[in-house]
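Chain identifiers are assigned alphabetically (A, B, ...) following the order of the sequence lines, protein sequences preceding nucleic acid strands; residue numbering begins at 1 within each chain.
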There are 2 protein chains.
Amino acid sequence: MSKSEVVELPVLQDGDVVPCCPPITAGELAPADAEKMAAMFKALSDPVRLRLFSKIASHPGGEACVCDIADVGVSQPTVSHHLKKLREAGLLTSERRGTWVYYRVAPSVVAAMAAMLDLRA
Amino acid sequence: MSKSEVVELPVLQDGDVVPCCPPITAGELAPADAEKMAAMFKALSDPVRLRLFSKIASHPGGEACVCDIADVGVSQPTVSHHLKKLREAGLLTSERRGTWVYYRVAPSVVAAMAAMLDLRA
DNA sequence: CTTCTATGTTGACACTCGTCGATATGGGAG
DNA sequence: CTCCCATATCGACGAGTGTCAACATAGAAG
């Protein structure tokens with residue numbers, strides 16, 4: 001890992017339509033933009049996190065209870081740990097409703113990634 | 001990191017138009033597909049690698065000599081190490097021509113990522 | 001041949017990461 | 001209140017990662 005400081009947060013913020021960084025093919029990436037993009041890719045660089053993310057993204061209603069997606073072959077604390085990472089990267093939002101906690105994909109995440117790739121969504 | 005085996009290689013292969021995995025939002029990601037996608041994102045999850053990648057992707061002619069892109073604030077061995085990682089992930093190809101080594105973005109990498117996001121390039 | 005330059009490899013180090021069991025917290029039910 | 005269930009946090013462990021200096025290799029030029 002780079003020895004630079006941890007990028008603490010928000011890669012993306014709710015309501016942003018234009019995302020954090022210019023397209024990756026548009027020119028030399030500025031160091032600060034590279035940090036933000038790297039943090040986003042890093043959050044998606046684990047198979048378990050990708051499976052959790054895709055389960056939420058493809059769940060009817062756009063949201064999923066942890067209990068709906070927890071079956072990914074690792075322990076409950078590990079699932080919680082991964083969901084926290086995705087939350088910290090700005091990719092997911094969570095909301096407690098009664099006994100259960102519901103996660104959904106943060107708005108404009110897909111659009112942000114598309115912009116990085118120089119595609120219009 | 002996941003304790004599963006290392007995904008040794010080719011996330012993408014030259015000539016592939018349809019990439020390794022279904023769109024991330026299309027449904028629950030299969031474990032094997034998640035491994036492949038994670039390996040790709042992992043390769044892009046470092047700021048230095050992202051800057052190298054964007055320098056190559058945006059370089060005139062679609063290729064760049066190492067000497068053109070090596071100025072990213074780390075030592076020469078570290079640059080070489082990161083380029084190797086990107087090569088192993090199938091994101092870059094390299095070719096030696098005389099004294100210099102030229103890197104280019106592997107074909108259909110961008111299209112593959114676009115497909116993951118369920119966008120048509 | 002030798003020398004120089006460009007790039008890759010090796011080995012070591014500190015740090016980060018994914019994982020788990022144990023424990024804590026939060027809220028509904030009785 | 002107590003009990004139970006869902007989720008989060010803590011602490012520890014082994015594995016992996018980024019970095020560098022030192023060295024190795026490849027090719028051009030003298």
Side-chain angles (χ1 to χ4, degrees), chain A residues 1-8 31 34-35 37-53 55-56 63-89 92-104, chain B residues 1-8 31 34-35 37-53 55-56 63-89 92-104:
Chain A
M1 203 118 315
S2 203
K3 71 177 160 191
S4 45
E5 297 77 28
V6 177
V7 174
E8 245 326 340
E35 295 274 354
M37 276 182 69
M40 183 170 191
F41 284 130
K42 192 172 185 176
L44 293 173
S45 69
D46 180 90
V48 172
R49 283 200 291 272
L50 270 179
R51 291 177 63 196
L52 290 170
F53 187 86
K55 280 192 174 197
I56 294 167
E63 68 177 10
C65 168
V66 176
C67 58
D68 292 327
I69 61 176
D71 183 22
V72 285
V74 294
S75 69
Q76 176 268 321
T78 302
V79 170
S80 195
H81 166 74
H82 284 307
L83 289 173
K84 183 180 185 179
K85 287 251 184 176
L86 288 166
R87 233 188 313 121
E88 289 175 339
L92 294 181
T93 62
S94 67
E95 183 192 357
R96 169 156 224 143
R97 287 208 293 275
T99 305
W100 297 278
V101 177
Y102 292 86
Y103 280 80
R104 49 174 65 238
Chain B
M1 210 115 314
S2 202
K3 72 176 162 192
S4 44
E5 296 77 28
V6 177
V7 173
E8 245 324 341
E35 294 275 352
M37 277 181 67
M40 184 170 188
F41 284 129
K42 193 172 184 176
L44 293 173
S45 70
D46 180 89
V48 173
R49 283 200 290 274
L50 268 181
R51 292 176 64 195
L52 291 170
F53 187 86
K55 281 192 173 198
I56 295 167
E63 69 177 11
C65 167
V66 176
C67 58
D68 291 327
I69 61 176
D71 183 22
V72 286
V74 294
S75 69
Q76 175 268 322
T78 302
V79 170
S80 195
H81 166 74
H82 284 306
L83 289 173
K84 183 180 185 179
K85 287 252 183 172
L86 288 166
R87 232 189 312 120
E88 288 176 341
L92 295 180
T93 62
S94 67
E95 183 193 357
R96 170 156 224 141
R97 287 206 294 275
T99 304
W100 296 279
V101 177
Y102 292 86
Y103 281 80
R104 49 174 64 238

Given atom [atom1] of [X] and atom [atom2] of [N], what is their separation to the nearest angstrom?
X	N	atom1	atom2	answer
B:Phe41	C:dC17	CZ	C1'	19 Å
A:Leu92	D:dT7	CG	P	14 Å
A:Asp68	D:dT7	CG	C1'	14 Å
A:Glu95	C:dG27	CD	C1'	15 Å
A:Lys84	C:dC17	NZ	C1'	14 Å
A:Tyr102	D:dT7	OH	C1'	13 Å
B:Leu83	D:dT17	CG	P	17 Å
B:Trp100	D:dA26	CH2	C1'	13 Å

inquiry  = Closest-nucleotide mapping onto DNA chain C: is A:Arg49 or A:Arg97 further toward the 5' terminus? I mean the 5' end.
reply    =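 So the residue in question is A:Arg49.
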key: Given DNA chain C, 5'-ward residue of the pair B:Thr78 and A:Gly98, judged by closest heavy atom   =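 First, find each residue's nearest nucleotide; the 5'-ward one identifies B:Thr78.
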Using OP1 and OP2 only, check whether a side-chain N or O of [X] sits under 4.0 Å from [N].
X	N	value
A:Tyr103	D:dA8	yes
B:His81	D:dT17	no
A:Lys42	C:dT16	no
A:Ser75	C:dC20	yes
B:His82	D:dT19	yes

Nearest to the [X] side chain among [options], which nucleotide is it?
X	options	answer
A:Pro77	C:dC20, D:dA6, D:dA21	C:dC20
B:Val101	C:dT7, D:dA8, D:dT17	C:dT7
A:Ser80	C:dC20, C:dT7, D:dT9	D:dT9
B:Lys85	D:dT17, C:dG8, C:dC20	D:dT17
B:Thr99	C:dG8, C:dC20, D:dA28	D:dA28

query = If you take atom types as modelled and just measure distance, does the side chain of B:Gln76 reach the base of C:dA6 with a donor-acceptor pair under 3.5 Å?
reply = no
Backbone N/O of B:Pro77 and side chain of B:Ser80: donor-acceptor pair under 3.5 Å =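 Here the side-chain-to-backbone pair does not exist.
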ask   = Does A:Lys42 offer a backbone N or O that forms a donor-acceptor pair with the side chain of A:Lys85 under 3.5 Å?
value =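 Checked: no pair found.
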task = Report yes if the side chains of B:Tyr103 and B:Leu52 come closer than 4.5 Å at any heavy-atom pair, otherwise no.
result = no
key: Close side-chain approach of B:Leu86 and B:Leu44, heavy atoms under 4.5 Å   =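 They are in contact (side-chain heavy atoms under 4.5 Å apart), so the answer is yes.
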task = Identify the heavy atoms of B:Arg87 and B:Leu92 that sit nearest to each other, and give their distance.
result =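 B:Arg87 and B:Leu92 have their closest heavy atoms at CG-O, 3.5 Å.
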